[in-house]
Peer 1: 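My structure is below; once you've seen it, I'll send some questions.
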Amino acid sequence: MDSYSKLKRLHDSMEKMTKTVESLENDILETLKENTELKVENKLLREKLDKLTQVSKNEPVVKTQSGLESIKQIYDSGYHICNMYYGSHRDPNADCMFCLDILDNFGEKKTVKKDR
């Protein structure tokens with residue numbers, strides 16, 4: 001076998017390895033993304049379960065975090081909190097106007113005056 005054929009075979013082999021490494025890298029990134037999403041969801045479900053368990057036992061509910069803090073934490077960790085994209089991954093370098101609107105208006109109670 002001549003040198004050119006050996007070089008060509010080596011080049012083809014390296015291209016195949018590069019494609020395999022890129023594929024593995026994409027798989028790992030997807031797995032890490034899914035893992036982070038599941039951690040956030042798991043935390044929220046545990047908080048909800050703890051709250052339901054306390055209510056069912058007629059124990060006073062002790063808040064560990066306010067609702068606004070929880071929502072801000074979810075948003076800051078890179079996830080949407082708006083109803084359009086809730087729970088999906090958010091580009092940390094770009095804000096979502098829907099999520100920001102929720103954060104800006106969270107907790108503001110609009111009072112409606114009733115005539116008697």
Side-chain angles (χ1 to χ4, degrees):
M1 193 180 269
D2 65 346
S3 297
Y4 180 78
S5 297
K6 288 179 184 178
L7 183 61
K8 176 69 175 151
R9 194 169 33 159
L10 179 63
H11 182 265
D12 292 343
S13 177
M14 287 179 61
E15 280 184 346
K16 186 177 177 183
M17 268 196 272
T18 301
K19 288 179 182 177
T20 302
V21 168
E22 287 173 352
S23 174
L24 288 171
E25 186 178 53
N26 288 335
D27 291 347
I28 288 173
L29 288 174
E30 284 297 316
T31 301
L32 290 173
K33 176 184 171 186
E34 182 181 9
N35 187 38
T36 304
E37 290 172 357
L38 288 172
K39 282 181 180 180
V40 170
E41 183 179 7
N42 193 21
K43 181 182 181 210
L44 293 173
L45 288 172
R46 286 186 189 279
E47 288 175 3
K48 193 171 200 175
L49 181 62
D50 288 344
K51 186 176 180 180
L52 288 173
T53 303
Q54 289 175 349
V55 169
S56 67
K57 291 181 179 179
N58 293 327
E59 296 176 4
V61 176
V62 179
K63 289 187 177 181
T64 56
Q65 279 185 317
S66 75
L68 180 59
E69 289 172 1
S70 296
I71 289 176
K72 281 183 180 178
Q73 184 180 3
I74 293 169
Y75 183 77
D76 290 340
S77 65
Y79 293 91
H80 285 277
I81 58 170
C82 62
N83 61 345
M84 294 182 70
Y85 305 108
Y86 183 80
S88 63
H89 190 66
R90 179 181 63 81
D91 180 8
N93 297 325
D95 288 323
C96 171
M97 68 179 188
F98 303 113
C99 293
L100 291 177
D101 185 54
I102 289 171
L103 289 173
D104 288 342
N105 295 319
F106 189 88
E108 289 182 16
K109 296 181 180 177
K110 296 179 181 176
T111 56
V112 176
K113 294 183 180 180
K114 295 181 181 179
D115 294 331
R116 289 189 175 181

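Residue numbers run from 1 in the order of the sequence given.
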Peer 1: With rounding to the nearest 0.5 Å, note down the distance linking CG in Leu10 to CD in Glu15.
Peer 2: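 If I round to the nearest 0.5 Å, the distance is 10.5 Å.
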Peer 1: Within the side chain of Thr20, is there an N or O that forms a donor-acceptor pair under 3.5 Å with the backbone of Lys16?
Peer 2: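 Yes; at least one donor-acceptor contact below 3.5 Å.
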Peer 1: How many angstroms lie between atom NZ of Lys51 and atom CG of Leu49, to the nearest 0.5 angstrom?
Peer 2: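 Separation between the atoms: 12.5 Å.
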Peer 1: Under 4.5 Å between side-chain heavy atoms, counting indirect links through other Ile/Leu/Val/Met/Phe/Trp/Tyr residues: same cluster for Val40 and Leu45 or not?
Peer 2: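 No, no single cluster joins them.
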Peer 1: Quick check on the hydrophobic clustering: are Leu44 and Tyr85 connected, directly or via other members, by side-chain heavy-atom contacts under 4.5 Å?
Peer 2: no
Peer 1: If you group Ile, Leu, Val, Met, Phe, Trp and Tyr by side-chain heavy-atom gaps below 4.5 Å, do Leu32 and Leu38 land in one group?
Peer 2: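 Per the 4.5 Å side-chain linkage, Leu32 and Leu38 are not co-clustered.
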Peer 1: Rounded to the nearest 0.5 Å, what separates atom CG in Asn42 from atom CD in Glu47?
Peer 2: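 Interatomic distance, Asn42 CG to Glu47 CD, rounded to 0.5 Å: 10.5 Å.
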Peer 1: Can you check side chain to side chain contact (heavy atoms under 4.5 Å, CB included) on Ser23 and Asp27, steps first, answer last?
Peer 2: CA-CA 6 Å; Ser23 174; Asp27 291 347; 4.1 Å; yes
Peer 1: Apply side chain to side chain contact (heavy atoms under 4.5 Å, CB included) to the pair Asn83 and Ile102, showing each step before the final yes or no.
Peer 2: CA-CA 10 Å; Asn83 61 345; Ile102 289 171; 5.6 Å; no
Peer 1: Give a yes or no answer on whether the side chain of Tyr75 reaches the backbone of Cys96 with a donor-acceptor pair at less than 3.5 Å.
Peer 2: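 Yes; judged by distance alone, with no hydrogens or angles, the pair exists.
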Peer 1: Which distance, rounded to the nearest 0.5 Å, do you find between the CD1 of Ile74 and the CZ of Arg90?
Peer 2: 11.5 Å
Peer 1: Below 30° counts as parallel, above 60° as perpendicular, anything between as tilted: where do the rings of Tyr79 and His89 land?
Peer 2: perpendicular
Peer 1: Rounded to the nearest 0.5 Å, how far apart are CG of Leu100 and CG of Asp95?
Peer 2: 4.5 Å
Peer 1: Lys33 and Glu37: side chain to side chain contact (heavy atoms under 4.5 Å, CB included), yes or no, with the steps?
Peer 2: CA-CA 6 Å; Lys33 176 184 171 186; Glu37 290 172 357; 3.2 Å; yes
Peer 1: Is it true that Lys8 and Asp12 make a salt bridge, defined as a side-chain N closer than 4.0 Å to a carboxylate O?
Peer 2: yes
Peer 1: Within the distance-only criterion (no hydrogens, no angle test), does the side chain of Arg46 pair as donor or acceptor with the backbone N or O of Asp50 below 3.5 angstrom?
Peer 2: no
Peer 1: Measuring from Phe98:CZ to Asp101:CG, what's the distance to the nearest 0.5 Å?
Peer 2: 9.0 Å
